[in-house]
Amino acid sequence: MTVLKTSMRNFLAHKGRMALSAVAVLLSVAFVCGTLVFTDTMNTTFDKLFAAASSDVTVSAKKSSDTGETTSGNGKPPVMPAAVLDEVQGVRGVKSAEGTVFSTSVTVVDADKDSLSPSSGAPTIVGNWNTNDARTMEITSGAAPRNAGQIMVDADTADKHGLELGDELGVITAVGTHRAKISGFADFTVTNPGAAMFYLDTETAQRTLVGETGVYTNVNVTAESGVTDDRLKKDVSAALDGAYKVQTAQEVADANAEEVGDFMGVLKYAMLGFAGIAFLVGIFLIINTFSMLVAQRTREIGLMRAIGSSRKQVNRSVLVEALLLGVVGSVLGVAAGVGLAVGLMKLMGQMGMELSTDDLTIAWTTPVLGLVLGVVVTVLAAYLPARRAGRISPMAALRDAGTPADAKAGVVRAVLGLLLTGAGGYALYLATAADQASDGSLWLGLGVVASLIGFVVVGPVLAAGVVRVLSVVLLRAFGPVGRMAERNALRNPRRTGATGAALMIGLALVACLSVVGSSMVASATDQLDKTVGTDFIIQNDQTQPITEQAVRAVKSVDGLERVTEYKILDADLITPDGERSKNETINAADPSYAEDVRTKTVAGDLADAYRPDSMSVFEGFAEEHGIKIGSPVKVDFKDGTTATLTVRAITSDEVVVDKGAMYASITTVAKYVPAEDMPLDILVFATAKEGQQEAAYQALKTALHDFPQYQVRDQTDYKEALKDQVGQLLNMIYGLLGLAIIVAILGVVNTLALSVVERTREIGLMRAIGLSRRQLRRMIRLESVVIALFGALLGLGLGMVWGATAQQLLALEGLKVLDIPWPTIGGVFVGSAFVGLFAALIPAFRAGRMNVLNAIATD
């Protein structure tokens with residue numbers, strides 16, 4: 001009980017000094033709990049949506065996916081004849097059945113031909129208005145479409161784009177472009193998943209999406225009272241003799257939930273990973289806080305030992321303080337996590353997904369996990385300072401506050417840190433020497449962990465040397481104030497090392513990812529320059545196929561030397577060794593593709609692969625199946641017959657563009673795949689006549705003005721698009737890493753604040769002998785800057801080594817250019833100095849306001 005009272009008294013006495021540590025715990029726990037609440041709420045929301053949107057039994061074409069429509073390569077959804085509806089209606093136990101048709105391979109534009117598709121990446125869905133949709137949507141203005149000239153829009157999409165009743169829209173599909181005027185708006189009665197919804201009457205939807213009437217993508221079946229979904233499914237399946245896919249409402253909902261769950265799982269664990277990094281950084285902050293508090297209370301602890309307190313009691317006293325800190329920070333963190341989840345929901349609302357707080361889901365495991373994590377991490381982080389407190393002898397009561405450094409521990413730390421760093425470096429070397437990227441990735445992971453821990457352990461040893469070098473470059477110019485800042489940073493290398501390490505972790509990851517991202521872009525750009533011999537690439541960024549009308553528009557452009565079509569087909573391959581390789585992809589193109597993309601071969605000439613009944617395979621596939629030039633390969637096309645093609649070329653695996661592709665000509669494929677099943681182009685390449693590139697570029701854009709779903713890019717545009725995609729991913733990761741960096745900044749603030757308290761008497765004496773407030777504040781700011789730059793130097797250096805090693809593994813996949821983004825690295829390093837200045841603002845201000853006499857009188 002005495003230990004608890006002592007701990008409570010000390011905790012309350014130093015609550016201000018522990019506040020920033022509590023904030024670090026709060027942020028880390030909040031990120032964990034917020035992630036769990038947000039993802040659980042998303043899952044609950046989608047479960048409700050899928051449950052509400054699913055009929056008792058759904059019948060669909062065999063080619064459709066478990067979650068609904070799967071648009072085939074021809075840009076049209078897989079359908080079944082309307083006769084299926086009549087058959088289903090006659091099945092025992094069926095109360096009602098309704099045919100529906102919808103597609104996601106569509107683009108809807110307004111009168112100015114601007115796309116109305118969601119910017120969030122959610123689908124655009126066009127279908128017929130039906131009873132099932134009426135369960136999740138309510139017409140709030142106007143009316144449902146009754147003829148070909150009318151279309152209904154969901155209210156969220158209308159609000160976002162300022163649409164009004166009577167506005168004309170264009171629905172662009174593989175069939176063509178259908179124009180209609182808005183007849184009404186429908187609002188979601190459940191959560192809007194972010195999709196843009198458009199409704200036509202049934203016959204118009206059939207003509208627009210499929211090109212013919214009398215077909216449906218789905219038949220929604222409602223059971224009679226007392227008939228279970230499983231019973232109804234069995235009876236419907238028997239009536240249709242297994243010719244179509246039949247699913248219960250639960251099966252459809254489960255399939256949809258699994259698809260959403262896969263995405264949510266990736267998001268969840270990625271965010272939890274960043275929360276783990278924040279926790280790791282917070283550990284250093286807590287260690288520093290308790291180390292400094294123990295040092296400041298050396299005399300107090302010595303007196304406790306002198307009057308009979310045992311080592312265990314002192315140790316437990318500090319750990320109880322850590323427990324209190326962990327509990328307070330974790331409880332507040334759980335509450336903040338719920339607030340963070342609500343904030344994320346509001347952010348999703350800005351992106352088009354309106355999540356209701358009525359669905360807010362807080363599982364009992366979430367606060368428990370947050371509390372356990374926060375408390376355990378805090379207590380573990382305080383263990384070493386507590387153990388150090390327990391070793392303070394009663395004689396310390398006769399000394400000034402602060403204990404001398406443990407020289408033996410410093411030697412042990414240095415040796416251990418160097419061993420770990422060396423082991424990490426050797427593992428990174430083995431990663432660069434690996435022959436397979438999968439093997440090297442294991443060594444890379446081991447090297448990153450070992451080198452990071454090694455740098456953390458050896459940080460105090462490095463601090464002495466690095467801080468001196470930085471001081472010569474930066475601090476000596478400030479005269480005596482700069483020298484005092486240097487000595488303050490060097491006074492306790494362990495503290496400086498721990499503070500710098502917190503910042504080091506976040507910046508090491510930033511540097512690593514910057515090098516990897518920059519190298520990927522540089523490698524891909526280099527490959528494009530070396531391999532792509534065409535001027536323009538036409539494609540849809542959502543991988544929608546290119547319609548025949550759009551291809552004809554491209555071919556009609558004057559000033560083009562050639563146009564190359566490019567299709568993708570699925571097939572099973574039966575190789576000479578007798579094995580059947582399932583679900584392979586055949587890249588069918590015009591023979592001019594061999595000029596458009598200069599793919600390296602290890603045997604044969606790629607142009608020969610476009611001869612009749614010929615093909616190419618990639619190097620790894622050829623080695624695995626013993627294929628050589630002239631080997632016959634049976635190709636069983638999914639939507640056609642089986643062909644026997646002769647291998648005329650073997651492409652190298654050391655490429656980036658079309659790595660692992662198998663080529664054949666469109667003419668060859670057309671012999672074995674019926675015209676109605678031949679997929680549309682996924683890409684079209686265009687090459688201008690000599691000296692007419694600019695004119696052809698503008699002419700292509702003009703020709704495709706009526707097809708806004710397609711993008712025309714020259715090589716410069718394509719490189720910029722690639723750079724933007726990588727940049728967006730990196731910016732998102734940097735944003736998540738920002739949490740760890742914020743916690744690290746709190747660590748610098750806390751270190752300086754406690755350091756000011758520790759040096760109160762010293763500061764008073766310096767002020768008494770003539771140090772001005774301005775000089776004092778400058779000294780603290782300079783100390784903060786040098787500590788921040790120390791952490792940045794270690795972090796950026798370590799991160800660049802990790803990134804260079806990762807690039808060597810990418811080189812095995814064809815990305816061979818190492819590119820160090822020096823402007824980014826330099827900007828982060830300079831930014832770290834500003835971080836140091838920012839972190840010192842409050843401690844410097846408080847130090848400058850100290851009363852000189854009171855400071856001198858401090859014990």
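For clarity, every value in this text was computed on a predicted model and none was experimentally measured.
No donor-acceptor contact under 3.5 angstrom links the side chains of Thr564 and Asp590, judged on distance only.
Between the side chain of Asn540 and the main chain of Gln709, a donor-acceptor pair closer than 3.5 Å is present. Using a distance-only test at 3.5 Å, with no hydrogens or angles considered, a donor-acceptor pair links the side chain of Ser616 to the main chain of Tyr663. Listed for the Ser631 side chain is a donor-acceptor partner under 3.5 Å among the backbone atoms of Lys628.
The residues Glu595 and Arg562 are annotated as salt-bridged, a charged nitrogen and a carboxylate oxygen being separated by less than 4.0 angstrom. In summary, Glu565 and Lys555 engage in a salt bridge, as defined by a charged side-chain N under 4.0 Å from a carboxylate O. For the pair Lys816 and Asp526, the salt-bridge criterion is not met [side-chain N within less than 4.0 Å of a carboxylate O].
Here the closest heavy-atom approach between residue Met678 and residue Ala670 is recorded as CE-CA, 3.4 Å. Closest heavy-atom contact between Asp706 and Ile172: O-CD1, 3.9 Å. Summarising the geometry of Ala696 relative to Ala688, their closest heavy-atom pair is CB-CB, 3.8 Å, with the distance given to 0.1 Å. Between Thr585 and Ile568, the shortest heavy-atom distance links the atoms CG2-CG2, 3.2 Å. Across all their heavy atoms, Val669 and Ala588 have their closest contact at CG2-CB, 3.8 Å.
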Decide side chain to side chain contact (heavy atoms under 4.5 Å, CB included) for Leu163 and Leu169; before the verdict, give the C-alpha distance in whole Å, the side-chain angles of both, and the deciding distance to 0.1 Å. CA-CA 10 Å; Leu163 302 178; Leu169 304 182; 4.3 Å; yes
Dump the intermediate steps for salt bridge (charged side-chain N to carboxylate O under 4.0 Å, His left out) on Arg580 and Asp572, then the final yes or no. CA-CA 7 Å; Arg580 188 179 188 90; Asp572 292 346; 3.5 Å; yes
Show your working on salt bridge (charged side-chain N to carboxylate O under 4.0 Å, His left out) between Asp613 and Lys671 and close with a plain yes or no. CA-CA 9 Å; Asp613 289 332; Lys671 291 169 59 178; 3.1 Å; yes
Would you sort out whether Asp658 and Tyr566 count as a side-chain hydrogen bond (donor to acceptor under 3.5 Å, both in side chains), showing the intermediate values? CA-CA 12 Å; Asp658 275 1; Tyr566 186 95; 3.0 Å; yes
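Inter-residue side-chain proximity for Thr642 and Phe637 is flagged as unmet; no heavy-atom pair is nearer than 4.5 Å. For the pair Met800/Trp822, a side-chain contact is recorded, criterion being any heavy-atom separation below 4.5 Å from C-beta on.
Here the CG-CD1 distance, from Leu704 to Ile546, works out to 8.5 Å after rounding to the nearest 0.5 Å. Interatomic distance, CG of Asn128 versus OH of Tyr199, reported as 9.5 Å (0.5 Å rounding). Atoms CG and CZ, on Leu606 and Arg648 in that order, are 13.5 Å from each other to the nearest 0.5 Å.
Residues Phe685 and Tyr593 bring their aromatic ring centres within 6.0 Å.
Environment of CD in Glu676: crowded, with over 12 heavy atoms of neighbouring residues, nucleotides or ligands closer than 6.0 Å.
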